[in-house]
Student: 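Can you read through this structure? Questions will come right after.
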Number of protein chains: 2
Amino acid sequence: MACSRFAVAIHLLTLATLAGADGTGRSGGAPTSARMAESVGTNPVVVRRLLGLLREAGLVTSRAGPGGGWRTTGPPEGTTLLDVYRAVTCDSVLPLADADAAGACPIGREVHRALDAVVAEAQAAMERGLAAVSLADILADVRAGCPGCEVGPVASTTRLAGEAP
Amino acid sequence: MACSRFAVAIHLLTLATLAGADGTGRSGGAPTSARMAESVGTNPVVVRRLLGLLREAGLVTSRAGPGGGWRTTGPPEGTTLLDVYRAVTCDSVLPLADADAAGACPIGREVHRALDAVVAEAQAAMERGLAAVSLADILADVRAGCPGCEVGPVASTTRLAGEAP
DNA sequence: CATTCCCGTAACTACGATGGTTACGATTCG
DNA sequence: CGAATCGTAACCATCGTAGTTACGGGAATG
C-alpha cells in the first residue's frame with residue numbers, strides 16, 4: 001500500500017505552497033525537486049515521481065530550466081486531503097481479493113458480494129473524513145507550529161552547497 | 001497490507017458458523033482446515049495461519065485429532081467486521097511513516113502532527129462503518145443468496161474422500 | 001550558440017509483506 | 001498403536017515500494 005507517500009505528498013505540497021505563494025511574488029520561489037528532497041530526507045527522483053502523480057491530478061505544475069521548479073495550481077483551500085490521497089494511492093484501502101470471488105464455493109461469492117457494500121460504505125466514511133480537511137487547514141497548523149517556516153521554507157538547510165554566500 | 005486476508009477471514013468464519021452451529025448439534029460439524037482450504041481455494045496451512053489470528057482474537061477455537069476442527073466461540077451477532085478486521089490486519093490503514101517525523105525539517109514534524117489527527121479521525125470513521133455490521137448480517141446475506149448453503153457447508157464438496165456414505 | 005539548470009523517465013537494486021508449499025512434531029480420538 | 005488434525009518452522013516466489021544512477025530534453029541566460 002502507499003505507506004508513506006501520503007504524508008510525503010502533503011509535505012511537498014506544503015513546501016510548494018509556502019515557497020511559491022509566499023506573497024513576495026518573487027519568481028525564484030518555486031522549489032526544485034532537489035531542495036524538496038533535502039527537506040523531506042529522500043532522493044530527488046523519488047520527489048519527482050511523487051510530484052508527477054500530483055501533477056497528473058492537476059494539483060501542481062512543473063517548469064524545467066534554471067529558476068524552474070514546482071508550483072501549486074490553485075489556492076490551498078481548493079485541494080482537500082482526499083484529492084491528495086487519491087492522487088498518490090493506487091489501490092483501495094480494503095482491497096477485496098477478486099480471486100476469492102472466482103472460487104468454486106458459492107459461499108465465497110456471496111461473502112464477497114455482501115462485503116462489497118460494507119467495505120464501500122466504510123471506505124466512503126473514511127474518505128469523507130479526508131475530504132473535510134483542506135491543504136489550507138494543514139498549512140494553518142504548520143504555521144502555528146513553526147512560525148518561522150514561511151520565511152525560509154527549509155530553515156535548517158537554507159544555505160545549500162552550490163549557493164554562493 | 002492485508003489484502004485478501006479480510007475477505008478470506010470472513011469466509012472462514014462463515015463456514016465455521018454454518019457448519020458448527022447449524023442447529024443440529026452433531027459433533028462432526030466442526031470443519032477442518034483442509035475442508036475450508038478447499039472451499040476458499042488455498043492451502044490448509046494458509047487457512048490455519050489465518051484462523052490462528054482469529055483464535056488470538058478469541059473469535060474461534062480449535063481442536064486437534066480426528067473429528068477436530070474449528071468452531072466459533074460465540075453467536076455471530078457478537079462479532080463485528082471490525083473485530084475480524086483488527087484480528088487479521090497488522091498495520092494501520094493510513095500508516096504515517098515515522099521516518100517523516102524524524103526529518104530535520106520542522107515542516108515535516110508539523111505536517112506529521114497535523115496529519116495525525118486527521119488520519120485518526122478518518123480511520124475511526126471507517127472503523128465505525130465496519131463495527132456497524134456483524135457476522136450475522138453477512139450470514140443473512142449469504143443465506144439469502146444461496147439458500148442451500150446451510151445444509152451442506154460446501155455444496156460442491158459435500159462428499160469428501162474419507163467420509164462414509 | 002553554448003552553458004547551465006532542472007525536469008522526465010528508464011533501469012537496476014534492495015527490502016519488506018504476503019502467499020504458497022513442504023515438512024515435521026504434538027495432540028486427540030478410536 | 002494408528003490415523004487424523006492442529007501448530008509451526010522453514011523456504012521460495014511474487015509484488016509493491018523506495019532508493020540510486022544515468023541520460024535525454026526543454027528552458028533561461030550570457
Side-chain angles (χ1 to χ4, degrees), chain A residues 1-9 11-12 16 19 27-38 40-56 60-71 88-93 95 97-100 103 160-164, chain B residues 1-9 12 16 27-38 40-56 60-71 88-93 95 97-100 103 160-164:
Chain A
M1 178 201 191
C3 305
S4 69
R5 299 224 296 250
F6 182 55
V8 175
H11 191 158
L12 295 177
S27 66
T32 69
S33 61
R35 286 189 70 145
M36 288 173 154
E38 192 173 4
V40 177
T42 180
N43 198 279
V45 176
V46 177
V47 170
R48 288 202 289 266
R49 266 195 296 218
L50 205 42
L51 286 169
L53 294 175
L54 298 178
R55 184 185 44 213
E56 288 177 10
V60 296
T61 59
S62 60
R63 212 183 53 182
W70 301 82
R71 287 182 185 278
V88 301
T89 305
C90 44
D91 48 2
S92 171
V93 177
D98 296 335
D100 189 56
L160 289 179
E163 282 184 340
Chain B
M1 178 199 194
C3 303
S4 70
R5 300 224 295 251
F6 181 56
V8 174
L12 295 177
S27 66
T32 69
S33 61
R35 286 188 69 148
M36 288 173 155
E38 191 173 4
V40 176
T42 182
N43 198 279
V45 177
V46 177
V47 170
R48 288 202 288 266
R49 267 195 296 216
L50 205 43
L51 286 169
L53 295 176
L54 298 179
R55 182 185 46 212
E56 288 178 10
V60 296
T61 59
S62 60
R63 213 182 51 184
W70 301 81
R71 289 183 183 278
V88 301
T89 304
C90 45
D91 49 2
S92 169
V93 177
D98 296 334
D100 190 54
L160 287 180
E163 280 187 342

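Throughout, protein chains are lettered first and strands after them, A, B, ... in sequence-line order, and every chain is numbered starting at 1.
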Student: Starting at CG of Leu12(B) and ending at P of dG19(C), how long is that distance when rounded to a whole Å?
Tutor: 12 Å
Student: In Å, rounded to the nearest 0.5 Å, how long is the span from CZ of Arg5(A) to CG of Leu12(A)?
Tutor: 12.0 Å
Student: Check this one for me: any side-chain N or O of Ser4(A) less than 4.0 Å away from OP1 or OP2 of dA18(D)?
Tutor: yes
Student: Do nucleotides 25-30 of chain C as a string where each nucleotide becomes B, S or -: B if the base has a protein heavy atom under 4.0 Å, S if just the sugar-phosphate does, - if no protein is that close.
Tutor: --BBB-
Student: Dump every N/O contact between nucleotides 9-16 of chain C and the protein below 3.5 Å, one line per pair.
Tutor:
| residue | atom | partner | partner atom | Å |
| --- | --- | --- | --- | --- |
| dT9(C) | O4 | Arg48(A) | NH2 | 3.4 |

Student: So, is Thr32(B) near the phosphate of dT5(D), with a side-chain N or O under 4.0 Å from OP1 or OP2?
Tutor: no
Student: Over all heavy atoms of both residues, which pair between Ala16(A) and Pro31(A) is shortest? Give the atoms and the distance, please.
Tutor: CA-CG, 4.0 Å
Student: CZ/Arg48(A) to CZ/Arg55(A) distance, rounded to the nearest 0.5 angstrom?
Tutor: 10.5 Å
Student: Under a 4.5 Å cut-off applied to non-hydrogen side-chain atoms, are Leu53(A) and Leu50(A) in contact?
Tutor: yes
Student: What integer distance in Å separates Arg35(A):CZ from dC7(C):P?
Tutor: 12 Å
Student: With a 4.0 Å limit, can you tell me whether Ser62(B) has a side-chain N or O closer than that to the phosphate oxygens OP1/OP2 of dG7(D)?
Tutor: yes
Student: How long is the gap from OG1 on Thr32(B) to CD on Glu38(B), to the nearest 0.5 Å?
Tutor: 9.0 Å
Student: Could you give the CG-to-C1' distance, from Leu53(A) to dG16(D), as a whole number of Å?
Tutor: 14 Å
Student: Using whole Å, report how far CG of Asn43(B) lies from P of dC11(D).
Tutor: 18 Å
Student: Round to the nearest Å and state the distance from Leu51(A) atom CG to dG8(C) atom P.
Tutor: 9 Å
Student: Over all strands shown, is Gly69(A) touching base, sugar-phosphate only, or nothing at heavy-atom distances under 4.0 angstrom?
Tutor: sugar-phosphate
Student: What integer distance in Å separates Glu56(A):CD from dG8(C):P?
Tutor: 11 Å
Student: Quick one: Leu50(B) CG to dC6(D) P, roughly how many Å, whole number?
Tutor: 14 Å
